[in-house]
Amino acid sequence: MKTAHKFLISLAALPLSVLLVRFTGHGAWLLGGVVALIATILYGSDLHAQALRATDAKRWSVRRFVLELPRFVLAAVCMAIGLTCLGWLGWTVWQPQSVALKQALVMAGLALLMLGGGAALFLEGLRGPPPQVRDWFSVRFDEHEVHIVARPPGEAPFEGSFAWDAIERVIFEDGGIYRSDVFHVFVRGGERAFAILTEGEGGSEFCGALCERGHFPPEIFFQAMGSTDGGVYVWPPLEPDGKS
């Protein structure tokens, strides 16, 4: 399901929880509203980050500030809600009537959640969205050679190339839900395998070319792409004794 659809569903759940409280008279439905509010904030932040990546704006430019303004406003709203909850909790403590422990814990938890979420949104707005794989990894190829350029943030850059006809073995590693799938390409005379990230620039085209040239069977490739359990697929397969 796309992020925009999740955002709309969580947003629709907010008034629904209020209506359920009104019709049923049970305040427990407000917990669903809190969960929906958190989901709306998270999915809205992801949706905004996707829109921000689609534009070319420098970190400290006016355009970047305008694009990040909704995140800063949302952070301010979350902080205000958290401070209001803390203020209410502090005010009730000083009253002659003691507040119920359950109610106090709920308000304290909501205050901490809103304050922490607001601070996280504010810091994320200053840093900007994290770089995607295609922002720092690219693979290009022609009829004879494959060229890789990788500049991962915080790590040493890497550039390398290998010939198509030098490929000896290919290992596909499923990255699951949160990481990119990787082709580990072993070539003749190479000490280490070349890692090709499928989510990088040119990754999809490389997958097609690898299958078309017979270095990885299409049926195994489609099986590997359909898995999300972190499996490993090897071609040519290893010998029964484990040796290549």
Side-chain angles (χ1 to χ4, degrees), residues 1-4 46-59 61 63-64 67 127-244:
M1 186 182 296
K2 294 183 178 180
T3 304
D46 290 343
L47 194 62
H48 177 261
Q50 291 177 11
L52 189 62
R53 293 189 192 100
T55 63
D56 185 15
K58 295 181 180 179
R59 181 178 290 273
S61 64
R63 183 180 179 186
R64 173 66 176 273
L67 290 172
R127 291 194 308 263
Q132 298 295 292
V133 174
R134 64 183 303 104
D135 295 332
W136 54 267
F137 182 90
S138 65
V139 54
R140 294 179 175 83
F141 55 87
D142 53 26
E143 291 296 322
H144 307 287
E145 196 174 58
V146 179
H147 186 66
I148 304 168
V149 178
R151 295 184 175 87
E155 299 182 22
F158 170 81
E159 288 192 32
S161 59
F162 59 89
W164 284 110
D165 58 7
I167 296 177
E168 289 189 329
R169 173 164 281 109
V170 177
I171 298 178
F172 178 90
E173 180 183 2
D174 172 42
I177 301 176
Y178 303 104
R179 296 187 298 114
S180 173
D181 299 333
V182 183
F183 277 105
H184 300 278
V185 180
F186 294 83
V187 299
R188 287 192 303 273
E191 297 180 357
R192 299 174 56 186
F194 291 89
I196 312 293
L197 281 67
T198 60
E199 293 183 3
E201 182 180 352
S204 299
E205 294 79 2
F206 173 80
C207 295
L210 192 70
C211 295
E212 289 176 0
R213 294 170 180 271
H215 296 294
F216 205 80
E219 59 274 13
I220 298 181
F221 172 71
F222 290 124
Q223 179 185 355
M225 291 299 292
S227 67
T228 57
D229 57 356
V232 175
Y233 301 81
V234 183
W235 190 265
L238 300 174
E239 297 295 335
D241 59 357
K243 299 180 181 180
S244 59

CA sep, side-chain torsions, deciding dist, call: F158, V149, side chain to side chain contact (heavy atoms under 4.5 Å, CB included): CA-CA 6 Å; F158 170 81; V149 178; over 6 Å; no
Evaluate the salt bridge (Lys or Arg N to Asp or Glu O under 4.0 Å) criterion for residues E145 and R140: first the C-alpha distance (whole Å), next the side-chain angles of each, then the deciding distance (0.1 Å), finally the verdict. CA-CA 9 Å; E145 196 174 58; R140 294 179 175 83; over 6 Å; no
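Cation-pi check for R169 over W235 is not met; the charged atom does not lie both under 6.0 angstrom from the ring centroid and within 45 degrees of its normal.
D142 approaches W164 most closely through the heavy-atom pair O-NE1, 3.0 Å. Across V182 and A195, no two heavy atoms sit closer than the pair CG1-CB, 4.0 Å. In plain terms, the two heavy atoms of F137 and I196 that are nearest each other are CZ-CA, 3.8 Å. Nearest heavy-atom pair across P152 and A150 is CD-C, 3.4 Å.
Side-chain atoms of S180 come within 3.5 Å of backbone N or O of E199 as a donor-acceptor pair.
Atom CZ of F221 is separated from atom OH of Y233 by 12.0 Å, given to the nearest 0.5 angstrom. Taken from CG in D174 to OG1 in T198, the straight-line distance is 9.0 Å, to the nearest 0.5 Å. The CZ atom of F172 sits 10.5 Å away from atom CG of L210, with the distance rounded to the nearest 0.5 Å. Rounding to the nearest 0.5 angstrom, the gap separating the CD atom in E201 from the OG atom in S138 is 5.5 Å.
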Kindly list each side-chain donor-acceptor pair under 3.5 angstrom involving residues 183-190, sequence neighbours excluded, with atom names and distances?
| unit_1 | atom_1 | unit_2 | atom_2 | d |
| --- | --- | --- | --- | --- |
| H184 | NE2 | E173 | OE1 | 2.9 |
| R188 | NH1 | D165 | O | 2.9 |
| R188 | NH2 | D165 | O | 3.0 |

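Looking at V234 and F216, their side chains never come closer than 4.5 Å, going by heavy atoms from C-beta outward.
Applying the side chain to side chain donor-acceptor pair (under 3.5 Å) rule to pairs touching residues 148-160 yields R151-E159, sequence neighbours excluded.
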